[in-house]
Peer 1: 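First the structure, then my questions, so here it is.
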Amino acid sequence: MTAAKTLIEHNTTDLLILEAKARLGGRVFTVREGNVVVEAGAEWIHGDERNPLNVLAQELQALAPPVPEEWDFRTVTQEGTHMTAEPYTPVHELLSEIENNASLNSYRGQALDQFFKDRYKELYGEEPTTEWKAWLHYLNKVVNSAFGCNDWTTPEVVSTGAFEEYGEDNQWADGYDTLLNHIKAGIPKKHIRLSSPICRIFWDKHQEGELDEGRVLLVKRDGSSIMADHVIVTASAGHLKERHGQLFSPPLPAQHVDTLEGMELGVANKVQMSWGEPWWGPGPLELNILWDKFDLPEEKSWLYDLAVVFSVVRSPQATIEAFTTGKASEVMERLSEEEVQAHFLELLRNTTETEIPEPAFFRRTTWGSDPWVRGSYSTLITTTGFESGVTSRAPLRSPLYSGEKMVLQWAGEHTSDSRFSTVDGAMGTGEREAKRLLRALQHGG
């Protein structure tokens with residue numbers, strides 16, 4: 001959307017957005033039901049005025065006020081036993097240590113878990129008591145959620161630490177769709193085709209002799225086709241990793257494939273519930289769950305991933321949510337809505353020792369099983385990929401040429417080396433590729 005808007009602003013209007021889904025926005029998806037407003041996808045503006053998205057929100061007078069400082073803060077086991085919260089602050093401070101930390105170089109090629117486990121042991125020694133193990137498990141789940149990875153044993157430390165921080169997180173006052181509506185306002189509807197998935201992209205006439213020189217043939221799932229001079233591909237890394245072999249003809253160059261194979265788009269999902277009134281009290285809730293037993297049946301094992309349950313303070317109705325990642329997300333996505341709701345509600349009743357009523361609203365996301373995404377918000381270089389030579393995302397943003405003409409370009413959070421995992425990062429890559437194309441057009445390419 002940002003690429004299209006940028007092109008239109010520079011008087012390049014012979015263009016189409018081909019969107020596989022029935023809605024625009026991709027992994028930005030605000031859900032509204034009655035008085036409930038929740039984000040199925042992106043939720044935060046990551047940073048202060050250093051983030052252009054923060055600046056835009058202020059210009060639109062749409063930046064939410066700061067999150068309240070006073071919370072109903074609880075630390076309990078899965079059975080409701082209250083635990084000391086003393087380790088809470090230093091455990092969370094460990095997350096910030098991966099930012100601009102010179103000591104990361106000693107972990108080059110290793111996974112996130114090694115870094116965090118070492119620092120955890122420096123803080124608390126190596127005494128594998130039940131409580132020690134419970135806090136380490138808590139740290140694991142908080143790290144997975146913060147970095148959007150399937151598990152902390154997968155992402156390579158140094159490349160993950162290359163993320164550029166812009167300060168404290170903020171939110172949109174009335175939902176992330178405020179941003180979508182703002183961008184859509186600059187794109188006339190005639191340039192948008194929804195429910196238009198692409199099944200084949202023929203891009204190089206030198207290998208596919210039937211093509212017109214320097215043009216791209218896009219074949220839609222319904223059998224119709226479009227001939228284009230230039231294509232900006234903004235599919236997620238998860239979708240590309242799964243389908244590039246069937247999608248592109250001729251196949252993508254080895255450097256593109258190797259880089260895709262050396263990265264992973266983590267699966268992170270949300271479970272959300274709302275009630276007419278907050279059963280936990282007047283202030284926002286943060287419920288930290290320390291698992292000291294792991295005796296749940298397989299179908300409930302996804303609950304082990306729920307380490308923090310918190311209030312959605314921006315929703316007009318009393319709403320809470322929690323994150324689940326990786327294998328736990330896969331288990332959760334295979335269950336029915338009714339089963340997930342029942343499991344989550346049972347956990348809340350056990351941990352709070354409260355007769356919580358049935359919710360008025362429930363939603364769980366299923367980003368992993370979404371064929372157009374196959375993941376959530378963070379594409380990270382894996383240790384396996386790092387070992388095979390993948391040290392940056394540069395190949396994933398390198399244009400492809402038919403002869404001397406640029407025909408395929410790439411945008412999306414996975415093509416940003418410093419702001420991957422963010423909406424502003426994705427938008428920045430769209431603007432980058434639009435300007436690259438404008439320069440090519442100016443030179444007759």
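Computed from a predicted structure; not experimentally measured. Side chains included, hydrogens not; waters and symmetry mates left out as well; all remaining heavy atoms used.
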Peer 1: Would you say W172 and V37 make side-chain contact, with heavy atoms under 4.5 Å?
Peer 2: no
Peer 1: Check for me whether the distance between the ring centres of F323 and W302 falls short of 6.0 Å.
Peer 2: no
Peer 1: Salt bridge check, R314 against E39: does any charged N sit closer than 4.0 Å to a carboxylate O?
Peer 2: yes
Peer 1: For a quick test of reading the model, state the closest non-hydrogen atom pair linking G238 to L265 and the distance between them.
Peer 2: N-CD2, 3.6 Å
Peer 1: When you look at T319 and V36, which way does the side-chain contact (heavy atoms from CB on, under 4.5 Å) test go after all the steps?
Peer 2: CA-CA 8 Å; T319 304; V36 178; 4.2 Å; yes
Peer 1: Begin with the C-alpha distance, continue with both residues' side-chain angles, and end with the deciding distance and a verdict on salt bridge (Lys or Arg N to Asp or Glu O under 4.0 Å) for R349 and E346.
Peer 2: CA-CA 5 Å; R349 288 169 174 167; E346 179 183 6; over 6 Å; no
Peer 1: Within the structure provided, determine whether K117 and W152 are in side-chain contact (heavy-atom separation under 4.5 Å).
Peer 2: yes
Peer 1: Dump the intermediate steps for side-chain contact (heavy atoms from CB on, under 4.5 Å) on L94 and F115, then the final yes or no.
Peer 2: CA-CA 10 Å; L94 289 181; F115 172 81; over 6 Å; no
Peer 1: For residues 416-427, which residue pairs qualify under side chain to side chain donor-acceptor pair (under 3.5 Å), counting only residues two or more places apart or in two chains?
Peer 2: N51-D424, S378-S421, R397-D417, R419-D424, T422-D424
Peer 1: Can you list the residues that meet the side chain to side chain contact (heavy atoms under 4.5 Å, CB included) rule with E69, with sequence neighbours excluded?
Peer 2: none
Peer 1: Can you tell me how far CG of L290 sits from CD of E131, rounded to the nearest 0.5 angstrom?
Peer 2: 7.5 Å
Peer 1: With a 4.0 Å cut-off, would you call E19 and R193 a salt bridge?
Peer 2: no
Peer 1: Does the distance from a Lys or Arg side-chain N to an Asp or Glu carboxylate O, for R50 and E165, drop under 4.0 Å?
Peer 2: no
Peer 1: Can you list the steps and then say if D370 with T366 is a side-chain contact (heavy atoms from CB on, under 4.5 Å)?
Peer 2: CA-CA 7 Å; D370 185 331; T366 54; 5.8 Å; no
Peer 1: Is the distance between the ring centroids of F73 and Y88 less than 6.0 Å?
Peer 2: yes
Peer 1: Going by heavy atoms in the side chains, are N150 and E264 under 4.5 Å from each other?
Peer 2: yes
Peer 1: Under 6.0 Å between the ring centres of Y120 and Y124?
Peer 2: yes
Peer 1: Quick one: closest heavy-atom pair of A434 and I232, and the distance?
Peer 2: N-CD1, 4.4 Å
Peer 1: Give the C-alpha distance, both sets of side-chain angles, the deciding distance and a yes or no for salt bridge (Lys or Arg N to Asp or Glu O under 4.0 Å) between K327 and E298.
Peer 2: CA-CA 12 Å; K327 291 182 179 179; E298 173 64 22; over 6 Å; no
Peer 1: What is the distance from atom CG of N54 to atom CD of Q171, rounded to the nearest 0.5 Å?
Peer 2: 12.0 Å
Peer 1: Which heavy-atom pair separates G26 from F29 by the least distance, and what is that distance?
Peer 2: O-CB, 4.5 Å
Peer 1: Can you check side-chain contact (heavy atoms from CB on, under 4.5 Å) on E286 and D72, steps first, answer last?
Peer 2: CA-CA 6 Å; E286 181 175 321; D72 179 357; over 6 Å; no
Peer 1: Are the side chains of W44 and V423 in contact, using a 4.5 Å heavy-atom criterion?
Peer 2: no
Peer 1: Are the aromatic ring centres of Y304 and H137 under 6.0 angstrom apart?
Peer 2: no
Peer 1: For the residue pair H92 and Y138, establish whether any side-chain heavy-atom pair is separated by less than 4.5 Å.
Peer 2: yes
Peer 1: Less than 4.5 Å apart, any side-chain heavy atom of R27 and any of S376?
Peer 2: no
Peer 1: In chain order, what residues pass the ring pair (Phe, Tyr, Trp, His ring centres under 6.0 Å) check against W372, with sequence neighbours excluded?
Peer 2: H239
Peer 1: Please tell me whether H414 and Y377 form a close aromatic pair, meaning their ring centres lie under 6.0 Å apart.
Peer 2: no
Peer 1: Do R23 and L194 touch side chain to side chain, with heavy atoms closer than 4.5 Å?
Peer 2: no
Peer 1: Does some side-chain heavy atom of K241 sit less than 4.5 Å from a side-chain heavy atom of E261?
Peer 2: yes
